[in-house]
Amino acid sequence: MDISLDVREQLNAIVAEVAQKLPEFGAEFQPDVRPADPRHGDFQVNGVLPWAKRNRSNPRAMGEVLLAALHQLDPSACLWDSIEIAGPGFLNFRLKAVSLLAWIQKYGDTHHLADASASILKDKRIVVDFSSPNTAKQMHVGHIRSTVIGDSICRMLAFCGASVVRDNHIGDWGTQFGILIMIIKRKGIELNAIEGDKIEVLENLYREGNQLTQEDPSTLDIARNELVKLQSGDEENFAIWELIVKVSYDEFDKIYKRLDVRFDAVLGESFYRDKVDRVYRELREDGIAEESQGAWVVFHPEHPRFAKQPFIIQKSDGASNYATTDLATALYRTEEFKADEVINITDARQRDHFEQLELTVNKWFGKRELPIPNMTHVTFGTILGKDGKAIKTRTGGTVKLKELLDEAVERASAITRTKNPDLTDEELSKIAETIGIASVRYADLSQNRSSDYQFDWDKMLAFEGNTAPYLLYVIARINGIFRKLGKEADLESVSIPEFESAEEIELAKRLMGFPLALKQALDDLRPHFICAYLYELCGSFNSFYHNNPVLNEDKAVQAKRLLLCKTTLEFLKTGLKLVGIGSIEKM
RNA sequence: GCACCCUUAGCUCAAUUGGAUAGAGCGCCUGCCUACGGAGCAGGAGGUUACAGGUUCGAUUCCUGUAGGGUGUACCA
């Protein structure tokens, strides 16, 4: 009996094969096997009901037919002990205990799990565009979602075998530079000479400059002129721009390092500045863009909304904008990165923009006979404060990401110290950094990304419920067991008996659910399915742990339970890694 | 105005995309430390899934309408 990584899929294939030979079913029948409520079984066939509906026959009777055919299979070769028909026509499978053991022995090791998973998206080339902060400003709380969701999606895709290009499309060519250069020159500031927190200084300068342009309109003209000079290659302004960009990048990198996020390509908008002319030219040549109110725009007559709402690709003053650089970017990703798929991760407010972008790219590339990448816009909701409105500091400002992370680590440190006073200072600071950052990441990723969520320190760092500390605690405890056992924890030489206790069986089944959770998360690019799975896995493990002593006189029983501990530990580590969280030995 | 998204337990969130009796955590009750880490485990109360209809074997999920909230809608990104 061979068992697949995804048992659901395997059962689905078996049922489909049996059904194909039955006159009542045939090749078109979809068994639609799903994990079942434990009260009913381990897996259920749902597909009989819609099939019976389609054929205007009695679902229960159809179920009986399929059941009888499945009963003809050689029981010794089957993964299941029993199949029963229930309700209006569900078929419920109950797996053999030996199937569970076989699965865990085959896939319970991280390498085997990873190898088996890596075939899911093999040979797919996917560009993921995420994080995208703006230069001359600090990253704020609004950037955490794109950064963390994007990173997690990259990790999931890569785990499933895709070739992923992590691309940070930084906003480094915008109008903010006109104002910044104006105020820097006006005040005669030497950027190299700034002491201390340079990004903070730049931010303040921008604020000052912005205010000045409102008070004195003549400075606004100067700012505009500085921007034009920059964009037309003025050396002095370009040098100032380069310095500002460097300061910004250094600051971003500090945050990315703490969050354990990396990029393969950091191509800001400035990178595309010499590539927008081709966009203008080709879209005009191809008759996709037209002139309207002095600007060049793209309408989509076939679309209910975008027939009237333009996609502006060149402003009336001749300058490029977001749409232009995004079109140039799409082209670059197709031609240079050879992307099969492009995933953009931004908040839901940019829905229209990305819809228009995709429509335009499809027409443009279609005409030029370029391969059209599959474009996906992954959206997310807003982070809210306690008042249910978008999160702000007490004084009404934006919450800086750096300060948010610092506070998380501080809070984690304070709590860890009270819970475990025996830790050395060195251990404590390392653990607090992990727990603090993990808590922030996990709080975000454990939510369904499309909804807004309320930010709450206490909930985030709580040690109960679906939180990072709860999961990390389980890891610490399992590590504790292996520390205690030392050399004895060698599983190789012992023959493992079947799982017996209710908790052992439940835990084993839970472990078997890993590929299903991964698939669910992958299909919809929603990491929270992984988090939910890990949380449930911890629940099953804790029940097991509480009722089934691992350290045992009976060495075979001990080995069996150690196998469950080891597999749980590896899956937890692997799952947490997919959401970008590292694990710890103790806490 | 038009379009899109949202409304689930007192609070914060889930629900395998139309499946069986809607699940967790907090808070509120009740048990379990002579225990491999109690940052834990076992249990109880708490729901007309905003409201009104419709579609069907079956609806939190799909359709229509109503109320409330959010977002977008020509030169920001």
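Reminder, nothing fancy here: chain letters follow the sequence lines and each chain counts from 1.
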Problem set entry | Minimum-distance nucleotide to Val297(A) side chain [options: A74(B), U21(B), G58(B)] | A74(B)
For this session: Kindly say whether, by distance alone, the side chain of Asn92(A) makes a donor-acceptor pair under 3.5 Å with the base of A20(B)?
Result: yes
For this session: Assess the pair Phe311(A) and Phe299(A): is the distance between their ring centroids shorter than 6.0 Å?
Result: no
Problem set entry | P gap between G68(B) and G23(B), integer Å | 32 Å
Exercise. Does Gln454(A) make a side-chain N or O approach to OP1 or OP2 of U12(B) shorter than 4.0 Å?
Worked result: yes
Problem set entry | N/O (side chain, Asn542(A)) to phosphate O (OP1/OP2, G40(B)) under 4.0 Å | no
For this session: Decide yes or no on side chain to side chain donor-acceptor pair (under 3.5 Å) for Tyr473(A) and Asn542(A), but give the supporting numbers first.
Result: CA-CA 10 Å; Tyr473(A) 177 60; Asn542(A) 278 335; over 6 Å; no
For this session: Using the C1' atoms only, state how far A39(B) lies from G72(B), rounded to an integer number of Å.
Result: 44 Å
Exercise. Whole Å only: how far is the CG atom of Asn466(A) from the C1' atom of A39(B)?
Worked result: 15 Å
For this session: Considering just the side-chain nitrogens and oxygens of Lys315(A), establish if one lies under 4.0 Å of OP1 or OP2 belonging to C76(B).
Result: yes
Problem set entry | Residue Pro35(A), side-chain atoms from C-beta onward, closest of C75(B), U16(B), G19(B) | U16(B)
Problem set entry | Of the listed nucleotides A74(B), A14(B), G37(B), the one nearest the side chain of Ile312(A) | A74(B)
Exercise. What nucleotide, of A39(B), G37(B), A20(B), holds the atom closest to the side chain of Ala476(A)?
Worked result: G37(B)
For this session: Assess the pair Phe544(A) and Phe541(A): is the distance between their ring centroids shorter than 6.0 Å?
Result: yes
Seminar exercise, completed: By the Watson-Crick or G-U definition, both distances under 3.5 Å, G58(B) is matched with none
Exercise. Using the C1' atom in both, what is the distance from U66(B) to G40(B), to the nearest Å?
Worked result: 48 Å
Exercise. Quantified in whole Å, what is the P atom distance between nucleotide A9(B) and nucleotide A42(B)?
Worked result: 25 Å
Problem set entry | Atom C1', compared across U55(B) and C13(B): separation rounded to whole Å | 30 Å
Exercise. Can Lys308(A) be said to sit on top of Phe306(A)'s aromatic six-ring, NZ or CZ under 6.0 Å from centre and within 45° of the ring axis?
Worked result: no
Problem set entry | Ring centroid separation His169(A) to Tyr322(A) under 6.0 Å | no
For this session: Please measure how far the C1' atom in U16(B) lies from the corresponding atom in C63(B), and state the result in whole Å.
Result: 24 Å
For this session: Identify which nucleotide among C57(B), G37(B), A74(B) has an atom closest to any side-chain atom of Tyr545(A), counting heavy atoms from C-beta outward.
Result: G37(B)
For this session: For the pair Arg349(A) and Asp347(A), find out whether any cationic side-chain nitrogen is under 4.0 Å from an anionic carboxylate oxygen.
Result: yes
Exercise. For the base of C6(B), is there a side-chain donor-acceptor partner from Ser451(A) under 3.5 Å away?
Worked result: no
Problem set entry | Under 4.0 angstrom between His528(A) side-chain N/O and A15(B) OP1 or OP2 | yes
Exercise. Taking atom types as they are modelled, is there a donor-acceptor pair under 3.5 Å from the base of A74(B) to the side chain of Ser292(A)?
Worked result: yes
Exercise. What nucleotide among U21(B), G37(B), A74(B) has an atom nearest to a side-chain atom of Arg39(A)?
Worked result: U21(B)
Exercise. What distance, rounded to whole Å, do you find between the two C1' atoms, one in U71(B) and one in C26(B)?
Worked result: 30 Å
Problem set entry | Per Asn448(A) side chain, nearest of listed nucleotides A15(B), U71(B), U16(B) | A15(B)
Exercise. Between Arg333(A) and Asp167(A), does at least one N-O distance fall below 4.0 Å, as a salt bridge requires?
Worked result: yes
For this session: Just label C33(B) as syn or anti from its O4'-C1'-N9-C4 or O4'-C1'-N1-C2 angle, using within 90° of 0 for syn.
Result: syn
Problem set entry | Base-pairing mate for G53(B) - Watson-Crick or G-U, with both contacts under 3.5 Å | C63(B)
Problem set entry | Rounded C1' spacing from G70(B) to A74(B) in Å | 23 Å
Problem set entry | Centroid under 5.5 Å and tilt under 30°, His546(A) to G40(B) | no
Seminar exercise, completed: Considering only heavy side-chain atoms of Phe299(A), the closest of G19(B), A74(B), A20(B) is A74(B)
Problem set entry | Phosphate contact (C6(B) OP1 or OP2) by Tyr453(A) side-chain N/O below 4.0 Å | no
Exercise. Counting side-chain heavy atoms from C-beta on, which of C36(B), U12(B), G38(B) comes nearest to Arg477(A)?
Worked result: G38(B)
Exercise. Is the phosphate of A20(B), meaning OP1 or OP2, less than 4.0 Å from a side-chain N or O of Arg34(A)?
Worked result: no
Problem set entry | Closest to the Glu464(A) side chain, choosing from G25(B), C36(B), C76(B) | G25(B)
Problem set entry | Interatomic distance, Phe529(A) CZ vs A14(B) C1' [rounded to whole Å] | 9 Å
